[in-house]
Amino acid sequence: VQLQASGGGLVQAEGSLRLSCAASGFTFSSYLMGWFRQCPGKEREFVGAITWTGGDPYYADSVKGRFTISRDNAKNTVYLQMNSLKAEDTAVYYCARASARFSSWTTEYAYWGQGTLVTVSS
């Protein structure tokens, strides 16, 4: 299993950025995929997730209404569209794969990507 996150960078506050996570080594369309982040000096936190069908994404309250998760099962890729970025969104962002197939909600993730750094300047 490999998860390769990309798309991070430096963006000004109120700007937008789209992260991608390319997956390989498993049947991507069978698994819920999640996004997490780790802010400097803090523990990793949940950002959001999308079910294996692509429906019913759910989000942490801190990003709800600003971030959108989508997936393209034909491309084995999950995306995180981030709008109205704030300085407090600065973090390393990770994608992760659920432990079990066909999950509609889970807190158990078996595999993690290497992370991509997002820096929001105020």
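In what follows, every heavy atom counts, from backbone to side chain, and hydrogens, waters and symmetry copies are set aside.
Considering OG of S29 and CG of D72, their distance stands at 11.0 Å, rounded to 0.5 Å. R71 contributes atom CZ, which lies 11.0 Å from atom SG of C95 (distance to the nearest 0.5 angstrom). Between the CZ atom of R37 and the CZ atom of R44 there is a distance of 13.5 Å, given to the nearest 0.5 Å. The distance from atom NZ of K86 to atom OG of S84, rounded to the nearest 0.5 Å, is 8.0 Å. Expressed to the nearest 0.5 Å, how far CG of L117 lies from CG of L10 amounts to 9.0 Å. Atom OG1 of T53 and atom CZ of F102 lie 11.0 Å apart (nearest 0.5 Å).
Looking only at distances, no side-chain donor or acceptor of Q4 sits under 3.5 Å from a matching main-chain atom of G113. A donor-acceptor contact shorter than 3.5 Å is absent between the side chain of R97 and the backbone of F28. Side chain of T116 to main chain of Y93: no donor-acceptor pair is present (N/O by atom type, distance under 3.5 Å, no hydrogens or angles).
Residues Y94 and I50 are members of separate hydrophobic clusters, defined by side-chain heavy-atom contacts under 4.5 angstrom among Ile, Leu, Val, Met, Phe, Trp and Tyr. One hydrophobic cluster, built from ILVMFWY side chains closer than 4.5 Å, holds both L17 and W35.
Heavy-atom minimum distance, R66 versus L85: NH1-CA, 3.9 Å. In plain terms, the two heavy atoms of A5 and Q114 that are nearest each other are O-NE2, 2.9 Å. For the pair A22 and T77, the tightest heavy-atom approach, listed with the atom from each and the gap, is CA-OG1, 4.1 Å. Annotation for N73 and W52: closest pair ND2-O, 3.3 Å, computed over non-hydrogen atoms. Closest approach of T106 and L32 over heavy atoms only: CG2-CD2, 3.8 Å. Looking at every heavy atom in both residues, M33 comes nearest to L3 through CE-CD2, 3.8 Å.
You'll find the ring centres of F36 and W112 inside the 6.0 Å limit. Proximity of the aromatic rings of Y58 and F46 is defined here by a centroid distance below 6.0 angstrom, and this criterion is met. Here F26 and Y111 keep their ring centres 6.0 angstrom or further from each other.
Take Y59 and apply the ring-ring contact (aromatic ring centres under 6.0 Å, His included) test, not counting sequence neighbours, and it matches no residue.
Counting non-hydrogen atoms of other residues, nucleotides and ligands closer than 6.0 Å to CD of Q2 gives a total of 12 or fewer. At most 12 non-hydrogen atoms from other residues, nucleotides or ligands lie less than 6.0 angstrom from CG of D56.
Just one residue in the list K75, Q81, M82 forms a side-chain contact (heavy atoms from CB on, under 4.5 Å) with Y79, and that residue is K75.
We find that D61 and K64 are joined by a salt bridge, their nearest charged nitrogen and carboxylate oxygen being less than 4.0 Å apart.
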